[in-house]
Protein chains: 2
Amino acid sequence: MLNPVHLRTLVEVVKTGSFAEAARRLGYTSSAVSQQISAFERAVGVTLFEREAHSIRPASAALLIADRGGELLAAFDGFEHEVKAMVQGLRGRLRIGTFPTASSRVVPKALAKLSADLPDAEILLDEAEPEDVLPLVLTGELDLALVYAYDLVPRTWPEELTVVPLLEESLLVMVPADHSAAKNNVKLEDLKDERWIASRDGTSGATCLTRLCAASGFAPRIAFRSNDYEVVQSLVAAGVGVALVPALGYKALPGTHAMPLRHKPLRRHVHVVHRTANTNPLLRDAVNALREVCENAVGGYINPP
Amino acid sequence: MLNPVHLRTLVEVVKTGSFAEAARRLGYTSSAVSQQISAFERAVGVTLFEREAHSIRPASAALLIADRGGELLAAFDGFEHEVKAMVQGLRGRLRIGTFPTASSRVVPKALAKLSADLPDAEILLDEAEPEDVLPLVLTGELDLALVYAYDLVPRTWPEELTVVPLLEESLLVMVPADHSAAKNNVKLEDLKDERWIASRDGTSGATCLTRLCAASGFAPRIAFRSNDYEVVQSLVAAGVGVALVPALGYKALPGTHAMPLRHKPLRRHVHVVHRTANTNPLLRDAVNALREVCENAVGGYINPP
DNA sequence: GTTGAGCATCAGGTCAGCTTATGCTCGACC
DNA sequence: GGTCGAGCATAAGCTGACCTGATGCTCAAC
């Protein structure tokens, strides 16, 4: 194999027209350059520079070699930069914020995929409600967050964020299995006297429930609040009350019955958000992994069971 | 710079899926391959293969690097072959300088032959008078030049040049067809009152005319100057004056009459010159082609028509 | 349990290639 | 025309990269 180091020196010699100058630019002594060029000439079997006491004259072969060789070396340099960039992408750190429901269903699969592809990437996961997580994305403490938004409680996104829709999910009404409303064409008004198990106050899940009931002419009696849908469903199973549960959180606990609302097909949307200006190279991969996992969930829809 | 030898080994390892097999194919010991891969990993700062006792598993980074790297190495191999071919003289670049008359008569045939023999050679042609072309040969900007010299205006060649005679040509006197001197035994004195069309001032063609006329006891009245003998002859045909034209430039335009000088058979010599030290392998082929073409012109003589 | 294949690691030797020193040539400049 | 400096070549010596060979580990196959 032609020695690429020698080739680089040759290109520099042709460019500068002098062994000494090439040596200065490349950090060699002129002796080294002289030896390298001699070695290269020996390798190709042709005199590439005619030497005079004070100067050299490149033969046409040298010009041709320098020409093509220069391109090649540039390509090689480019490759090296690519590799460097890639390595930085592979070993970077990505901080993800996510709401609890997503972290048990969507996120694990996506992270598994991500860390299989990028075994050296460091991925940190924080769990919190969108209201808490978004400020962290804005301040840069998180690179990326999964957030949800209810149809009835639309969010406004700060302009500096990129928002990528991941999936839509139905909202299910859950009642105890022995409840009289455990049939599929339930109307919300039928449940106006029930006690409700809702999300924590201030979450958009709770707001959604309030607005929904308001539209049907009543205010729900909130018996208990939890942001953990497993807890919510256990309470339903225990007969404490009824609840509105997004499909992602649905667990099919014995003693519960889930059904869509008859006349108001309600939806919750899940998005990934990140600052548009964030240049973390892992970002793209993470978003792609999330989208891929979610698309496998029936084209981005999670439907009632 | 990433070590290309290591890169080649990496590509082979990815291809074969094994250090040991790559080592066998590349003529190394497996120890060497192991060390090379370790060094490469150290260089890029990432683990490229997960090691198990009996096997390796390439990380995705290794696959990416091997992919692009393979292309690069292939390009480099291609380059090496190009260089080899060029060195053998199949390829390469030859820069030729020639005076206008030669470039329309002698050179095309020789170049046709040359490029038939060496279809990949790149041949560059520059047209200029010997006075301009010789310095370019000396500085190495041209590999080879065709020059002419008049008997009456001999040239001295710099010592570092090799000069190969190509052909000799007669000088013809051209007069308008209806001129009283349009007979074959004209003497120069008969034309001393004519107006002359000469080559540009400073060319040896012009000097030759001056000296020739001086030998016959007069100074020519120069009506017009051009280095393009086609233009010169058109002017003669138009009755502007008479001219001295080398046989190579003779065009037999209607309205002109050409004849040799009766008592002074004048000649112009055409040579190829190149620096003796020039090692361009195409040089020899080019000179041979030129000689061959010129010898076919009646043993190196171009005679009056 | 034994064997063999694959990989890592260590020690040792070789060689490419660098620097340093020296010499030559030639242009520039007094 | 002598001196000086810059550019190139060459010799000598040293260093570091890298290969081989030896050794050891692990695991699969028999």
Side-chain angles (χ1 to χ4, degrees), chain A residues 1-59 62 66 73 80 119, chain B residues 1-59 61-62 66 73 80 135 138-140 158-160 275-279:
Chain A
M1 184 158 58
L2 283 181
N3 188 326
V5 173
H6 292 184
L7 178 59
R8 159 160 303 167
T9 301
L10 184 146
V11 169
E12 198 63 33
V13 167
V14 168
K15 204 183 295 174
T16 62
S18 148
F19 285 14
E21 182 56 27
R24 275 189 289 273
R25 298 202 185 177
L26 294 172
Y28 291 121
T29 59
S30 62
S31 167
V33 171
S34 174
Q35 292 174 59
Q36 285 193 18
I37 297 297
S38 295
F40 199 93
E41 287 176 327
R42 238 175 297 126
V44 300
V46 160
T47 302
L48 296 176
F49 298 90
E50 294 167 38
R51 274 76 156 180
E52 272 142 52
H54 257 278
S55 61
I56 52 163
R57 184 176 3 222
L73 290 175
E80 219 169 321
Chain B
M1 183 157 61
L2 285 180
N3 188 326
V5 173
H6 293 184
L7 178 59
R8 160 160 302 168
T9 300
L10 184 146
V11 170
E12 198 63 32
V13 167
V14 167
K15 204 183 294 174
T16 63
S18 148
F19 285 15
E21 181 56 26
R24 276 189 288 274
R25 298 203 185 177
L26 294 172
Y28 291 122
T29 59
S30 62
S31 167
V33 171
S34 175
Q35 290 176 61
Q36 286 193 17
I37 298 296
S38 295
F40 198 93
E41 287 176 327
R42 238 175 296 127
V44 301
V46 160
T47 301
L48 296 176
F49 298 91
E50 294 168 36
R51 273 77 157 181
E52 273 142 51
H54 257 274
S55 61
I56 51 163
R57 192 194 335 244
L73 290 174
E80 218 169 321
L138 288 171
T139 59
E159 206 168 284
E160 45 191 310
R275 284 187 316 113
T276 310
N278 190 325
T279 57

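Order of the sequence lines fixes the chain letters, A, B, ..., with proteins taken first and strands second; residue numbering starts at 1 for each chain.
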Is any side-chain N or O of [X] closer than 4.0 Å to OP1 or OP2 of [N]?
X       : N      : answer
A:Ser34 : D:dA9  : yes
A:Arg51 : D:dG7  : no
B:Asn3  : D:dA17 : no
A:Ser18 : D:dG7  : no

Euclidean distance, atom [atom1] of residue [X] to atom [atom2] of [N] [Å, nearest integer]:
X       : N      : atom1 : atom2 : result
A:Met1  : C:dA16 : CE    : P     : 15 Å
A:Gln35 : D:dT10 : CD    : C1'   : 8 Å
B:Arg42 : D:dG16 : CZ    : C1'   : 13 Å
A:Phe49 : D:dG7  : CZ    : C1'   : 14 Å
A:Leu2  : C:dA16 : CG    : P     : 16 Å
B:Tyr28 : D:dA17 : OH    : P     : 16 Å
A:Glu52 : D:dA6  : CD    : P     : 20 Å
B:Phe40 : D:dC18 : CZ    : P     : 12 Å

Describe the nucleic acid contact of B:Ala20 in one word from base, sugar-phosphate, nothing, applying a heavy-atom distance below 4.0 Å. sugar-phosphate
For B:Gln36, which contact category applies under a 4.0 Å heavy-atom criterion: base, sugar-phosphate, or nothing? sugar-phosphate
Between B:Glu12 and B:Arg8, does any NZ, NE, NH1 or NH2 come within less than 4.0 Å of an OD or OE carboxylate oxygen? no
Looking only at C:dC18, D:dT10, D:dC8, the nucleotide nearest the A:Ala32 side chain is C:dC18
Which of C:dT9, D:dA9, C:dT20 is nearest the side chain of A:Phe19? It is D:dA9
A:Leu7 side chain reached by A:Leu2 side chain, heavy atoms, under 4.5 Å:
no
Validation row: A:Asn3, A:Phe40 side chains within 4.5 angstrom (heavy atoms) = no
Closest heavy-atom pair, A:Glu21 versus A:Thr16, reported as atoms and distance to 0.1 Å, is CG-CB, 3.7 Å
Can you say whether a donor on the side chain of A:Thr29 sits under 3.5 Å from an acceptor on the base of C:dT20, or the other way round?
no
Quick check: any donor-acceptor pair below 3.5 Å linking the side-chain of B:His54 to the base of C:dA5? yes
> Counting only N and O atoms by type, is there a donor-acceptor contact under 3.5 Å from the side chain of B:Thr276 to the main-chain atoms of B:Glu160?
Replying inline: yes
